Amino acid sequence: MRNPVGGHVPVAGGLATTGLTYAREIGAEAVQVFVANPRGWATPTGNPAQDERFRAECAAEGVAAYVHAPYLINFGSHTEATAERSVDSLRHSLRRARAIGALGVVVHTGSATGGRPRAEALAQVRARLLPLLDELTHDDDPFVLLESTAGQGSSLCSRTWDFGPYFEALDAHPRLGVCLDTCHVFAAGHDLTGEHGMRRTLDLLVETVGEGRLKLIHANDSKDVAGAHKDRHANIGAGHIGEEPFRELMRHPATEGVPLVIETPGGKEGHAGDVERLKKLRERGQSSGPSPGSSW
């Protein structure tokens with residue numbers, strides 16, 4: 001499939017029992033889940049029966065699964081306790097991801113706190129994160145998918161070219177990939193609207209990290225204008241990005257086979273509507289052929 005479309009699903013009550021039921025109800029072809037409290041440091045063991053059922057049913061139905069790591073993780077933090085807990089938290093997400101058959105773990109790229117220079121923060125990212133990447137030695141281990149921010153504060157990665165120093169700090173590890181959030185990159189200053197705005201942004205990303213590194217897309221419209229540095233998601237077509245850039249996204253060579261996961265408002269009804277909207281845009285994009293003029 002050119003671009004499986006799905007959503008982040010709730011899992012309280014069981015990964016398979018709750019999560020996959022919700023996924024089916026919104027028509028998801030891909031899912032993203034939390035395996036721990038996204039706003040805490042706890043590392044729960046999970047339910048082996050639910051893990052196996054989730055893994056088996058995703059495989060049987062051809063549903064690509066991803067894990068989103070907790071929001072508190074920041075490998076650039078000047079606080080030792082935060083840096084240490086970030087290692088434990090991401091290691092937990094990676095292990096749980098492997099247990100449930102997830103293809104990747106999304107982690108925010110963090111910020112340089114305490115007024116420290118970016119170079120110093122990136123050196124700490126290397127010291128803390130590279131060993132975790134080196135632990136991923138099994139064929140079924142997930143990728144670590146870096147998600148840039150909307151550019152608030154001292155963010156280490158918000159514009160497409162910021163992925164360059166981040167990848168360099170991690171030796172462009174083979175288990176390293178990118179999760180591109182359309183709302184975040186728009187809020188950071190990449191105007192995805194207008195003629196070929198999305199295409200140019202994706203071209204820049206490929207020029208920065210290389211082909212094949214884009215593994216997942218968070219498909220979210222934005223409640224705020226480009227460059228606002230505000231992370232406020234809107235339903236597809238109801239924000240300042242609009243529908244057309246998403247159609248262009250699904251025509252670009254870099255997104256071939258890359259799943260789109262929504263993180264939009266509106267509950268189950270809103271999510272089902274966004275999934276259906278993206279599927280229709282996918283059909284329109286396929287009928288008009290590949291995006292012309294890409295630079296690679």
Side-chain angles (χ1 to χ4, degrees), residues 38-39 41 66-94 97 104-137 141-190 201-218 227 229-231 254:
R39 293 178 173 82
W41 292 115
Y66 297 85
V67 167
H68 198 306
Y71 300 132
L72 297 181
I73 292 174
N74 182 12
F75 291 103
S77 174
H78 72 292
T79 305
E80 181 68 16
T82 297
E84 289 181 357
R85 287 171 175 168
S86 294
V87 172
D88 293 340
S89 182
L90 183 56
R91 179 180 283 119
H92 170 261
S93 287
L94 289 165
V105 173
V106 178
V107 61
H108 290 174
T109 45
S111 58
T113 63
R116 58 167 40 182
R118 288 173 60 88
E120 185 179 326
L122 284 172
Q124 181 168 290
V125 169
R126 176 183 178 85
R128 300 286 185 170
L129 183 49
L130 191 55
L132 289 178
L133 286 161
D134 285 338
E135 291 176 11
L136 303 175
T137 58
D141 276 330
F143 282 85
V144 172
L145 305 181
L146 302 176
E147 179 181 4
S148 60
T149 69
Q152 313 96 313
S154 52
S155 171
L156 288 173
C157 187
S158 58
R159 302 298 291 266
T160 54
W161 45 80
D162 292 334
F163 281 108
Y166 217 102
F167 266 66
E168 289 172 12
L170 297 170
D171 294 340
H173 195 282
R175 281 287 173 179
L176 194 62
V178 170
C179 171
L180 184 71
D181 187 306
T182 54
C183 176
H184 292 185
V185 75
F186 184 73
H190 289 283
T201 300
L202 290 168
D203 283 349
L204 281 169
L205 179 64
V206 173
E207 289 169 11
T208 302
V209 300
E211 296 180 28
R213 293 288 190 169
L214 180 58
K215 303 291 187 182
L216 182 65
I217 294 162
H218 284 170
H229 303 299
K230 293 181 180 179
D231 181 14

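The structure displayed is predicted, hence computed values, not measured ones.
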Exercise for the section: Quick one: list whatever passes salt bridge (Lys or Arg N to Asp or Glu O under 4.0 Å) with Glu84, sequence neighbours left out. Expected result: none
Practice task
Quick one: list whatever passes side chain to side chain contact (heavy atoms under 4.5 Å, CB included) with Ser77, sequence neighbours left out.
Solution key: Asn74, Thr79, Thr82, Thr113
Exercise for the section: Could I get the full list of ring-ring contact (aromatic ring centres under 6.0 Å, His included) partners for His190, not counting sequence neighbours? Expected result: Trp161
Problem - Closest heavy-atom pair and its distance - Ala254, Val206 - result: CB-CG2, 3.6 Å
Fill in the blank from the handout: Hits for side chain to side chain contact (heavy atoms under 4.5 Å, CB included) against Ala172, two or more places apart or cross-chain, chain-then-number order -> Phe167, Arg213
Practice task
State which residues pass salt bridge (Lys or Arg N to Asp or Glu O under 4.0 Å) with Asp134; sequence neighbours excluded, sorted by chain then number.
Solution key: none
Exercise for the section: Test His218 against Val106 for side-chain contact (heavy atoms from CB on, under 4.5 Å), laying out the working first. Expected result: CA-CA 10 Å; His218 284 170; Val106 178; 4.0 Å; yes
Handout entry: Minimum-distance pair of heavy atoms, taken over all atoms of Ala150 and Ser158
Key = C-CB, 4.4 Å
Handout entry: Qualifying salt bridge (Lys or Arg N to Asp or Glu O under 4.0 Å) pairs, either residue in residues 147-156, two or more places apart
Key = none
Handout entry: Qualifying residues under ring-ring contact (aromatic ring centres under 6.0 Å, His included), relative to His108, sequence neighbours excluded
Key = His68, Tyr71
Exercise for the section: Please identify each residue that fulfils side chain to side chain contact (heavy atoms under 4.5 Å, CB included) with Phe143, with sequence neighbours left out. Expected result: Leu145, Arg175, Lys215
Exercise for the section: Could you note down all residue pairs passing salt bridge (Lys or Arg N to Asp or Glu O under 4.0 Å) where residues 67-80 supplies at least one of them, sequence neighbours left out? Expected result: Glu80-Arg128
Problem - salt bridge (Lys or Arg N to Asp or Glu O under 4.0 Å): pairs with one or both residues in residues 104-116, sequence neighbours excluded - result: Arg116-Glu120
Practice task
Check Thr109 against Tyr166 and note the closest heavy-atom contact, atom names and distance.
Solution key: O-OH, 2.8 Å
Practice task
Report the residues that fulfil salt bridge (Lys or Arg N to Asp or Glu O under 4.0 Å) with Asp231, sequence neighbours left out, ordered by chain and then residue number.
Solution key: none
Exercise for the section: Taking side chain to side chain contact (heavy atoms under 4.5 Å, CB included) as the test, write out the residues that go with Ala97, two or more places apart. Expected result: Val67, Ala102, Val105, Pro142
Practice task
Identify the heavy atoms of Pro70 and Ser89 that sit nearest to each other, and give their distance.
Solution key: CG-OG, 3.3 Å
Handout entry: Residue pair Leu205 / Leu214, side-chain heavy-atom distance below 4.5 Å
Key = yes
